[in-house]
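Below is one structure; the comments refer to it alone.
What you see below is based on every heavy atom in this structure, not just the backbone, and it leaves out hydrogens, waters and symmetry mates. Throughout, protein chains are lettered first and strands after them, A, B, ... in sequence-line order, and every chain is numbered starting at 1.
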Amino acid sequence: MRSSLYFYPTLKEIPQEAQIASHRLMLRSGMLTQVTSGIYSWLPLGLQVLKKIAQIVREEQDRAGSLEVLMPTIQPAELWERSGRYHDYGKEMLRIKDRHERDMLYGPTAEEVITDIFARFIKSYRDLPKRFYNIQWKFRDEIRPRFGVMRGREFLMKDNYSFDLTLEKAKASYQAMLEAYVRTFARMDLTAIPVRASSGAIGGNLSHEFQIIAETGESEIFYDPEYENLDVNTLTLERLQTLYAASDELHDPENCPVPLEKLKTARGIEVGHVFYFGTKYSIPLGAYVMGPDGKQVPVEMGSYGIGISRLVAAIIEAHHDDRGIIWPESVAPFKVGLLNLNIKDAACTKTCDEFYQKLLQANIEVLYDDRDIRTGAKFADMDLIGLPWQIIISSRSITAGQCEVKNRRTGEKIDLSLEDALKRVC
RNA sequence: CGGGGUGUAGCGCAGCCUGGUAGCGCGUCUGGUUUGGGACCAGAAUGUCGGGGGUUCAAAUCCUCUCACCCCGACCA
């Protein structure tokens, strides 16, 4: 993509409304713009990242034996009356009426919809287990939206729902999701700590929150350093339950099994939540199957969320410096930024154009800054939007047949031939 | 929802106390000089001063109602 054709309205000055690094950087890099409190438009650069994150989540959900569906944003109140949550949910639920004065709502989650689907089609234990997920916009009318997409009202969430015949089998589903989550966050260069959680309003008795470590995290967590070396291949639910991790409200220094000198403390951002909640929805919504003994049994359920739009902000919180964002390669909007420093020099521009084509042919996602602006602005913009690699070509460098390759994370700059530069970023 | 604050050019702000019809920096446009880390000079365009009502000869400024946004708290992917 050529910068001259792209759209990323960067800001030199810090927008007044942004309090935390990720919010400031998302606005300054032109990733998104606020429409109204807690609701944002995603601009091309931000959308690119959002899609990359969603794709990683999708791949790991698929790997864990889940099936993608797409459920609606607007749901009928009637379904929620059946589960009892239409009454319980409170003002966080955005309630609306259609033209027939029928009560509708903008879904904050989808247990009711998926359980209803299950109940209508699946009748036998032989069809279990089933795990369905969907990546869809949700709406929770937060009392006070803040920190950009970190706590928006509208947000993109992956939610997965598991259906099993027994508690034991439900635990296997739960474990499969734990593993999927560990893989998912590792692919985004995040350290994620599954903290045992009280299951809150959704109900149930087995629940972990995935907190990712970032200095600017909203809550303090205490954890066993073993968590930093979690190996997905040996991770089991039992092992997880022997490791200590707690949020500050639940941390009890008196009864902490980890000795004080070993215990680690950090700030965490919650990006995922896994719950087992048994038959809370299957009974009221009629999700029963015929068991092997010929009796109807309500299915055992769990649900598993990942805040995808929040992850965009969380990754920035974990990966930035005073110049801007530092994207992990797996979620970067482009892998390489190509800087033409002498746009008016025909030879330099020719070299850049040709090298740009080579990068495209090599299937490398590249943002080619071919704009007629000052070099300082090009460097500043490129550092701000945080692409992992910068390839800098100037009149000076082409006379030596070289370019400069800069690693955004380390700041390391090396002069290489164009061929070597291409290899370097492949 | 309780408490606090802010709405003035695309962005960041001054002007308000003490009323006289709007200004600064950045950005944008034009010309010139510059050209490896957000340049310089000269010129230009851009405002229902959040909205309604009121006081006054006169309102960005005073009074009043209202809307939006931000911050602190309780709530949450």
List every contact pair, protein side and nucleotides 2-5 of chain B side both N or O, where the distance is under 3.5 Å.
none

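- The aromatic rings of F275(A) and F277(A) are tilted relative to each other, their planes meeting at an angle between 30° and 60°.
- Spacing between atom CD of E142(A) and atom P of rC71(B) amounts to 13 Å, rounded to whole angstrom units.
- Of the candidates rC76(B), rG36(B), rC75(B), rG36(B) carries the atom nearest the L341(A) side chain, counting heavy atoms from C-beta on.
- Put simply, the side chain of S162(A) does not reach to within 4.5 Å of the side chain of M301(A), judged on heavy atoms.
- Here the side chains of Q390(A) and D383(A) are in contact, with some heavy-atom distance below 4.5 Å.
- Nucleotide rU18(B) forms no Watson-Crick or G-U wobble pair with any nucleotide shown, as no partner meets the under 3.5 Å limit on both distances.
- Every residue meeting the side chain to side chain contact (heavy atoms under 4.5 Å, CB included) condition with T279(A), not counting sequence neighbours, appears here in chain and number order: S282(A), I283(A), P298(A), E300(A).
- One interatomic measurement links the two molecules: CZ of F275(A) to C1' of rC76(B), which rounds to 10 Å at whole-angstrom precision.
- Looking only at distances, no side-chain donor or acceptor of T191(A) sits under 3.5 Å from a matching main-chain atom of E228(A).
- Using C1' as the reference atom, rU18(B) and rC11(B) are 31 Å apart when rounded to the nearest Å.
- A donor-acceptor pair shorter than 3.5 Å can be found between the side chains of D353(A) and Y368(A).
- If you measure from atom CG of D141(A) to atom C1' of rC75(B), you get 12 Å, rounded to the nearest angstrom.
- In the model, Q61(A) has a side-chain atom that pairs as donor or acceptor with a side-chain atom of N160(A) under 3.5 Å.
- Taken from NZ in K350(A) to CD in E354(A), the straight-line distance is 4.0 Å, to the nearest 0.5 Å.
- Applying the ring pair (Phe, Tyr, Trp, His ring centres under 6.0 Å) rule to Y227(A) yields no partners; only residues at least two apart in sequence or on another chain are considered.
- Taking atom P on both rG4(B) and rC76(B), the two are 26 Å apart, rounded to the nearest angstrom.
- Side-chain polar atoms of E317(A) and S22(A) form a donor-acceptor pair below 3.5 angstrom.
- Taking a 4.0 Å limit (strictly below) on heavy-atom distances, residues 395-405 of chain A reaches RNA chain B at R396(A), S397(A), E404(A).
- With sequence neighbours left out, the side chain to side chain contact (heavy atoms under 4.5 Å, CB included) criterion links D322(A) to no other residue.
- Rounded to whole Å, the distance from CD on Q390(A) to P on rG36(B) is 16 Å.
- Centroid-to-centroid, the aromatic rings of Y89(A) and W80(A) come within less than 6.0 Å.
- Only the P atoms considered, rU46(B) is 34 Å distant from rC67(B), to the nearest whole Å.
- rG36(B) and rG27(B) are spaced 23 Å apart, taking the C1' atom of each and rounding to whole Å.
- Rounded to a whole angstrom, the distance from the C1' atom of rG51(B) to that of rC69(B) is 15 Å.
- Among the protein residues, D381(A) comes within range of the nucleic acid bases, having at least one heavy atom under 4.0 Å from a base atom.
- Here the C1' atom of nucleotide rG38(B) and the CZ atom of R371(A) are 11 Å apart, to the nearest Å.
- To the nearest whole angstrom, the two C1' atoms, one in rC49(B) and one in rA60(B), are 5 Å apart.
- Rounded to whole angstrom, the span from the CD atom of Q211(A) across to the P atom of rC76(B) amounts to 13 Å.
- With sequence neighbours left out, the side-chain hydrogen bond (donor to acceptor under 3.5 Å, both in side chains) criterion links S309(A) to no other residue.
- Qualifying side chain to side chain contact (heavy atoms under 4.5 Å, CB included) partners for K12(A), counting only residues two or more places apart in sequence or in other chains: none.
- When only modelled atom types and interatomic distance are considered, E112(A) and S83(A) share a side-chain donor-acceptor pair under 3.5 Å.
- Look at the C1' atom in both rG54(B) and rA59(B): the space between them is 11 Å, to the nearest Å.
- Checked against the 6.0 Å centroid criterion, the rings of H273(A) and Y181(A) do not qualify as a close aromatic pair.
- In this structure, the aromatic ring of F155(A) is positioned over the six-membered ring of the base of rA77(B), centres within 5.5 Å and planes within 30°.
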Any N/O pairs under 3.5 Å between the protein and nucleotides 31-34 of chain B? List them or say none.
| from | atom 1 | to | atom 2 | distance (Å) |
| --- | --- | --- | --- | --- |
| rU34(B) | O2 | R374(A) | NH1 | 2.8 |

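- Cation-pi geometry between R95(A) and Y86(A) is met: the NZ or CZ atom falls under 6.0 Å from the ring centre, inside 45° of the normal.
- A residue-by-residue look at F147(A) and M150(A) shows that F147(A) has its nearest nucleotide of RNA chain B further toward the 5' end.
- To the nearest angstrom, C1' of rG10(B) lies 11 Å from CZ of F7(A).
- For the residue pair D62(A)/Y133(A), the side-chain donor-acceptor check at 3.5 Å is satisfied.
- With sequence neighbours excluded, no residue forms a ring pair (Phe, Tyr, Trp, His ring centres under 6.0 Å) with F147(A).
- The base-pairing partner of rG7(B), taking Watson-Crick or G-U wobble contacts with both distances under 3.5 Å, is rC67(B).
- Taking atom CD1 of residue I414(A) and atom P of nucleotide rG36(B), one finds them 22 Å apart after rounding to whole Å.
- Residues I325(A) and I385(A) have side chains not in contact (no heavy-atom distance under 4.5 Å, counting atoms from C-beta outward).
- Using a 4.0 Å cutoff on non-hydrogen atoms, the parts of residues 16-53 of chain A near RNA chain B are Q16(A), E17(A), Q19(A), R28(A), Q34(A), T36(A), S37(A), ordered by number.
- Side chain to side chain, Q361(A) and Q357(A) fail the donor-acceptor criterion of an N or O pair below 3.5 Å.
- RNA chain B is contacted by both I143(A) and G152(A); I143(A) maps to the nucleotide lying nearer its 5′ end (nearest heavy atom per residue).
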Please list, for nucleotides 24-29 of chain B, all pairs of protein and nucleotide N/O atoms separated by less than 3.5 Å.
| from | atom 1 | to | atom 2 | distance (Å) |
| --- | --- | --- | --- | --- |
| rG25(B) | N2 | E13(A) | OE1 | 3.0 |

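- Using a 4.0 Å heavy-atom distance criterion, T375(A) is classed as a sugar-phosphate-only contact.
- Using atom P as the reference point in both rA77(B) and rC16(B), the two lie 47 Å apart (nearest Å).
- Residues from residues 304-337 of chain A lying near RNA chain B, meaning a heavy-atom separation below 4.0 Å, are G307(A), R310(A), R323(A) in numerical order.
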